[in-house]
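Just so it is clear, the structure is predicted and the values come from calculations on it, not from any experiment. In the text below, chain A, chain B and the rest are named by the order of the sequence lines, each starting its count at 1.
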Number of protein chains: 2
Amino acid sequence: MAALYLQSNSCTMEIRRDVFQAIADPTRRAILALVAFQSMTPGAIADSFDSSRQTISKHIRILHECDLLSQQQSGREIYYQINGPKMKEVATWLEPYRRLWEDRLDAMGDLLAEMKDAKTRSKRKIQ
Amino acid sequence: MAALYLQSNSCTMEIRRDVFQAIADPTRRAILALVAFQSMTPGAIADSFDSSRQTISKHIRILHECDLLSQQQSGREIYYQINGPKMKEVATWLEPYRRLWEDRLDAMGDLLAEMKDAKTRSKRKIQ
DNA sequence: ATATAATGCAGCCATTTGGCTGCGCAACTT
DNA sequence: AAGTTGCGCAGCCAAATGGCTGCATTATAT
């Protein structure tokens, strides 16, 4: 939707993918899980799935375009591996929400605390 | 893609959404950011965007279907707020990858070796 | 009681997505 | 030199996505 485009002569070329859109697909998350342990070739990765090699290759391309995978050529083989810092982007986005599931002080946590602990002098500000 | 469907008489109704697919859309992430501070009504949320109220309502529905938002009715108004524990699902998925950007990172190969190390409990080796 | 406000739902539409196949090309094997 | 293997790209297609508009419904307000 909100992708960046770059005009190159007569054609329009997409240059950047969104990390969140990339990890939205379960197959791509599975690929990330596979490659997390060791770098793998597209062929080897595709062997783990029922989809065609080209389909998996497309997923790899998307992961590579958004920089979640880095490649390393060796002859005619290309080894793909996870790009750690890019994964951190998701963690960074998630960080501000951490307090929402780690214990107290959000609206819901406030409610729960009130239910569990009758002594709490809560000045809840729901709504 | 891999969504669950439930047959209900003549129509096919989707019953469950994926959290990752839900946060893939930038508008929905913005909604989450809005609602993180306080519960809000769909109308108030929609005021923050250029899209139509119904379009935002659709996004809210998706977030609610995957349980990222919880609702609380008050008269004809409905207050939506973030569901913390559901957000944790993303954090849980991300956790195994944390070592990829944390720790002492010398080279990518070292990181991979480290992950292997965690499995085999043996000596650390490069790539 | 009547009007207005707050929502959700259904339907329409253009674009994107994710699958497949066919193909071309470079790099190993024989 | 000729064949095989690994890989990416282009093109096709059905399904999903995200936007819009037009209702229907249920509370409030007048």
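Of the possible polar contacts, one joining the A:N83 side chain to the A:D67 backbone as a donor-acceptor pair under 3.5 Å is found.
In this structure, A:S51 has no side chain to side chain donor-acceptor pair (under 3.5 Å) partners at least two apart in sequence or on a different chain. By the side chain to side chain donor-acceptor pair (under 3.5 Å) test, B:Y80 is found to be paired with B:Q71, residues two or more places apart in sequence or in another chain being considered. With sequence neighbours excluded, the residues that form a side chain to side chain donor-acceptor pair (under 3.5 Å) with B:T55 are B:S52.
With hydrogens and angles ignored, a donor-acceptor pair closer than 3.5 Å exists between the side chain of B:K58 and the base of D:dG19.
Within 4.0 Å of B:S51, counting heavy atoms only, lie sugar-phosphate atoms of the nucleic acid but no base atom.
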Polar atom pairs (N or O), protein with nucleotides 6-9 of chain D, under 3.5 Å:
{"unit_1": "D:dC7", "atom_1": "OP2", "unit_2": "A:G43", "atom_2": "N", "d": "2.8"}
{"unit_1": "D:dC7", "atom_1": "N4", "unit_2": "A:R53", "atom_2": "NH2", "d": "3.4"}
{"unit_1": "D:dG8", "atom_1": "OP1", "unit_2": "A:Y80", "atom_2": "OH", "d": "2.4"}
{"unit_1": "D:dG8", "atom_1": "OP2", "unit_2": "A:S57", "atom_2": "OG", "d": "3.1"}
{"unit_1": "D:dG8", "atom_1": "N7", "unit_2": "A:R53", "atom_2": "NH1", "d": "3.3"}
{"unit_1": "D:dG8", "atom_1": "O6", "unit_2": "A:R53", "atom_2": "NH2", "d": "2.8"}

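The list of salt bridge (charged side-chain N to carboxylate O under 4.0 Å, His left out) pairs with a residue in residues 29-56 of chain A, not counting sequence neighbours, reads A:R29-B:D18. Applying the salt bridge (charged side-chain N to carboxylate O under 4.0 Å, His left out) definition to pairs two or more places apart or across chains, none involves residues 73-85 of chain B.
Of the residues near DNA chain C, A:S74 and A:Q21, the one whose nearest nucleotide (by heavy atom distance) lies more toward the 5' end is A:Q21.
B:S52 has no side-chain polar atom (N or O) that falls below the 4.0 Å cut-off from OP1 or OP2 of D:dG19.
Nearest nucleotide to the side chain of B:T27, out of C:dC20, D:dG19, C:dG18: D:dG19.
In this structure, the CD1 atom of A:I56 is 12 Å from the P atom of C:dG18, given to the nearest Å.
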